[in-house]
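The first residue in the sequence is number 1, and the count goes up from there. All values reported here derive from a predicted model rather than from experimental measurement.
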Amino acid sequence: IEFIRGVPLISLLFMASVMLPLFLPGGWNLDKLLRAQIAIILFSAAYFAEVIRGGLQGVSEGQSEAAKSLGLNYVQTQVHMILPQALVKVIPPTVNTMIGMFKDTSLVVVIALFDLMGTAKASLSDSNWLGFSMEAYVFIGIIYFMICFSMGRVSKNMEKELRLSKERL
């Protein structure tokens with residue numbers, strides 16, 4: 001986790017695109033898109049692991065002791081007491097990480113894969129679309145904003161629902 005988190009995503013994408021094929025056995029050829037997906041998944045997993053770790057550390061030891069006093073074993077304690085509390089605590093940082101990862105997907109252009117921005121640039125080179133660059137970039141900005149804003153709203157609604165359900169208990 002520390003190794004992946006200590007390296008920028010752009011360098012992981014570069015390594016997956018250029019260096020990984022050099023280490024594969026002869027005859028093996030992974031698609032460039034698959035290699036980029038693997039790099040992004042590893043990067044995201046490392047950040048999500050840290051978010052979950054922080055949530056687990058935020059649950060007090062008294063919860064584990066209470067579970068032991070009720071006669072729960074380790075697995076039951078984790079599943080029924082610790083994880084639900086930890087996952088509620090990590091909703092905001094999880095959504096924050098998801099929004100960041102969504103915005104980081106535009107970095108695939110570095111390894112010659114098309115993303116939303118690359119597609120817009122490619123369409124602007126078409127003679128039918130000359131002079132519409134401002135509209136294309138505004139449209140892309142609106143798409144990114146709508147998706148990120150929606151993720152933030154869903155997060156707020158989840159937090160509100162969880163807060164209300166806690167108050168009912």
May I have the list of side-chain donor-acceptor pairs in residues 92-104 shorter than 3.5 Å, sequence neighbours left out?
{"from": "Thr94", "atom 1": "OG1", "to": "Val90", "atom 2": "O", "distance (Å)": "2.5"}
{"from": "Thr97", "atom 1": "OG1", "to": "Pro93", "atom 2": "O", "distance (Å)": "2.8"}

Check: Tyr47 and Val51 side chains under 4.5 Å, non-hydrogen atoms: no
Partner set under side chain to side chain contact (heavy atoms under 4.5 Å, CB included) for Asn29, not counting sequence neighbours: Arg35
Met81, CE: over 12 other non-hydrogen atoms inside 6.0 angstrom: yes
Path from Phe139 to Ile147 over hydrophobic side-chain contacts below 4.5 Å: yes
Atom of Ala120, atom of Ser123 and distance for their closest heavy-atom approach: O-OG, 2.8 Å
Same cluster (ILVMFWY, side-chain, under 4.5 Å), Leu42 and Leu30: yes
Note, Ser17 side chain near Lys32 side chain (heavy atom, < 4.5 Å): yes
Nearest heavy atoms of Ile1 and Ala49, plus distance in Å: CD1-CB, 3.6 Å
CD1-CG distance between Ile82 and Leu87, expressed to the nearest 0.5 angstrom: 11.0 Å
Single-linkage hydrophobic cluster Val7~Leu107, side-chain heavy atoms < 4.5 angstrom: yes
Side-chain donor-acceptor pairs under 3.5 Å in residues 151-160, sequence neighbours left out?
{"from": "Ser155", "atom 1": "OG", "to": "Glu159", "atom 2": "OE2", "distance (Å)": "3.4"}
{"from": "Asn157", "atom 1": "ND2", "to": "Arg153", "atom 2": "O", "distance (Å)": "3.4"}

Interatomic distance, Phe43 atom CZ to Leu12 atom CG [nearest 0.5 angstrom]: 6.5 Å
Contact summary for Ser150 and Met146, nearest pair of heavy atoms: OG-O, 2.7 Å
Check: Ala46 main-chain N/O paired with Glu50 side-chain donor or acceptor under 3.5 Å: no
Heavy atoms of other groups near Glu61 CD, more than 12 under 6.0 Å: no
Rounded distance [0.5 Å steps], CG in Leu22 versus CE in Met15: 9.5 Å
Separation of Ile10 CD1 from Phe14 CZ (nearest 0.5 Å): 10.0 Å
Heavy-atom pair with the smallest gap, counting every atom of Ala39 and Ala16: CB-CB, 3.9 Å
Within 6.0 Å of OH in Tyr74, more than 12 heavy atoms from elsewhere: no
pair Ile40-Leu13: side-chain heavy atoms closer than 4.5 Å: yes
Nearest-0.5 Å distance that lies between atom CG in Leu20 and atom CH2 in Trp28: 10.0 Å
Separation between CD of Glu65 and OG of Ser60, rounded to the nearest 0.5 Å: 8.0 Å
